[in-house]
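One structure is given here, and the rest of the page talks about it.
Just so you know, ligand 1 is whichever comes first in the structure, and atom 1 is the first atom listed for that ligand.
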Amino acid sequence: MSRFWLPVILRFALIAFVALLAYVFYGLVAGLVVGVLGLGVLTSLHLFYLKRVADWVHQTDHPETPLELPAAYGAWSTVFAEMRRARRREVRQRDQVAEELNRFIQATSALPDGIVILDRGGLIEWCNPSAEKHLGLKLDRDRGFLVLNLVRAPSFTEYLMRADFREPLTITDPVAQTALSVQLLPYQETRRMVVSRDITSFVRVETMRRDFIANISHELRTPLTVVGGYLEQLIDQPDLDASRRAGIERVMLDQTQRMQRLIEDLLTLSRLEASLSPGRDEEFAGDALVNAIGDEARALSDGQHSIDIRTEPIMLTGAMDELRSAFANLVSNAVRHTPPGGHVHVRFGRCTDGVEFTVSDDGPGIAAEHVPRLTERFYRVDKSRSRETGGTGLGLAIVKHALARHDGRLEIESEVGRGSTFRAILPARRIA
Ligand code: ADP
């Protein structure tokens, strides 16, 4: 209070004192002239500082310009000092807010989910890089444009029109094979933001699950229909002659065994998929295992193929039952898919990467477009042929998983009309 008023009072007192002196020494007119002149100077000084304040306020509208206030005298120095302090506080707060905003933008930029902030009219105010990627936006280009015009998917337009945003919308792109979940979230009463999430892998897994169930149902339905039909026939015709009856029983047994194989393969596959590492690590003679598989293959072929087995004595470490399953599937495939009279060569030995188990045949071969898909569950080049030969369509899926659990891999080379070579490669650390 006193810091403001004291200089004001002193200045008025000074003018009054000088005017009084002029009056005493030179008369009334001189006193009045000095008083008016003094007040005029004081008023001009105040006006001058007021102008400075006006200029300064105008300057602070443009924060990029410097904001120094001039030194002032008297009451104005207090006012200017206060204004400087207030200004410094404001700048500090603004910097703080800018820094926080920057941190927030950086955090949201790192989010895998896309965020688009819309204004009241649905115009884009801001979006993060994930939203740019998901929705094909470009912030610099699209800011201020209607999101409705930029996200072209018709289902998105319908979704926005529907005005019920409790559930997200799924947008699929069959060409790029991607799926996006998009949801509009209202906030602050009239404002809205669009949140997008890439759900491609989720949709893929879901589709695989659905296909898998459909495939199993289909695989089981055929043998069950056959067995059911024949059982009905046996019940309806109890006095069927013995040879016809034996034929029916043979077919029913085949179909039952087919279902059994399918269930066994499914159980093997689910066991293999349950964990990433082999069930147990044991040491066993790889060559003995391969020779035993060779004997089984000869039994399966029943003398219809020439089967040649060559092995090197190598001790392996891993889960023997899993590797037996993998190797046996490859050999049984070669026998089953190669017509009678064909040749099957099995080789087990060291290679540059470690150990390899190779099965070659001179069967029908596989067209290149099928090769990458052979290890998918239930994928077959020729469905009816695979079933005829007793295949479940799960063999190579089992091979792939069993090898992967032993850090190995499967390589397939095939030429239509010439034959196929399946190579199971295990790393050197699998040699005991
Ligand atoms: P499947 O039980 O039908 O043999 P797999 O998963 O073992 O199922 O094999 C998938 C498909 O790969 C087979 O249906 C067949 O079309 C093809 N295939 C596998 N091995 C051979 C091979 N040695 N020669 C030709 N085709 C093969």
Side-chain angles (χ1 to χ4, degrees), residues 208 211-212 214-216 218-223 254-255 257-273 290 293-294 296-298 300-301 304-309 322-348 356-405 408-425:
M208 269 167 63
D211 289 353
F212 187 56
N215 275 321
I216 295 174
H218 181 77
E219 294 292 331
L220 286 174
R221 197 177 51 194
T222 318
D254 281 352
Q255 295 300 327
Q257 284 171 343
R258 183 172 149 191
M259 287 190 279
Q260 233 163 5
R261 271 198 307 276
L262 182 67
I263 301 296
E264 271 162 22
D265 276 2
L266 279 172
L267 286 174
T268 307
L269 200 55
S270 79
R271 209 178 49 239
L272 292 177
E273 283 179 336
V290 173
I293 290 170
E296 286 169 18
R298 287 196 182 97
L300 180 67
S301 159
Q304 297 186 70
H305 306 85
S306 127
I307 300 177
D308 162 50
I309 317 265
E322 293 180 16
L323 289 177
R324 163 188 272 280
S325 202
F327 295 169
N329 263 304
L330 294 179
V331 180
S332 119
N333 272 356
V335 172
R336 286 188 299 104
H337 294 289
T338 304
H343 300 80
V344 175
H345 296 276
V346 178
R347 189 188 163 273
F348 173 72
E356 70 176 355
F357 173 79
T358 311
V359 184
S360 315
D361 63 59
D362 53 3
I366 305 156
E369 72 261 27
H370 296 293
V371 171
R373 300 196 58 191
L374 291 181
T375 54
E376 286 176 23
R377 293 179 286 194
F378 296 113
Y379 189 85
R380 290 130 156 167
V381 176
D382 180 345
K383 277 199 190 306
S384 55
R385 163 109 196 94
S386 160
R387 288 204 193 94
E388 262 171 44
T389 60
T392 59
L394 297 172
L396 291 180
I398 291 175
V399 174
K400 182 179 128 178
H401 278 95
L403 291 178
R405 281 157 64 91
R409 64 181 194 274
L410 176 68
E411 287 179 0
I412 306 170
E413 275 170 39
S414 192
E415 202 180 320
V416 176
R418 305 284 307 254
S420 317
T421 298
F422 287 78
R423 190 171 290 121
I425 299 165

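The CE atom of M259 sits 10.0 Å away from the OG1 atom of T222 when rounded to the nearest 0.5 Å.
For a heavy-atom separation below 4.0 Å, the residues in contact with ligand 1 are N333, A334, R336, H337, D361, I366, L374, Y379, R380, V381, S386, G391, T392, G393, L394, G395, L396, S420, F422.
The main-chain N or O of A297 is never found under 3.5 Å from a side-chain atom of S301 such that the two would form a donor-acceptor pair. For the pair R405 (side chain) and L272 (backbone), a donor-acceptor distance under 3.5 Å is present. Within the 3.5 Å criterion, the main-chain N or O of I307 finds a donor-acceptor partner in the side chain of R298. In this structure, the side chain of D362 does not engage the main chain of G342 through any donor-acceptor pair within 3.5 Å.
Residues meeting the ring-ring contact (aromatic ring centres under 6.0 Å, His included) test with F327, sequence neighbours left out: F357.
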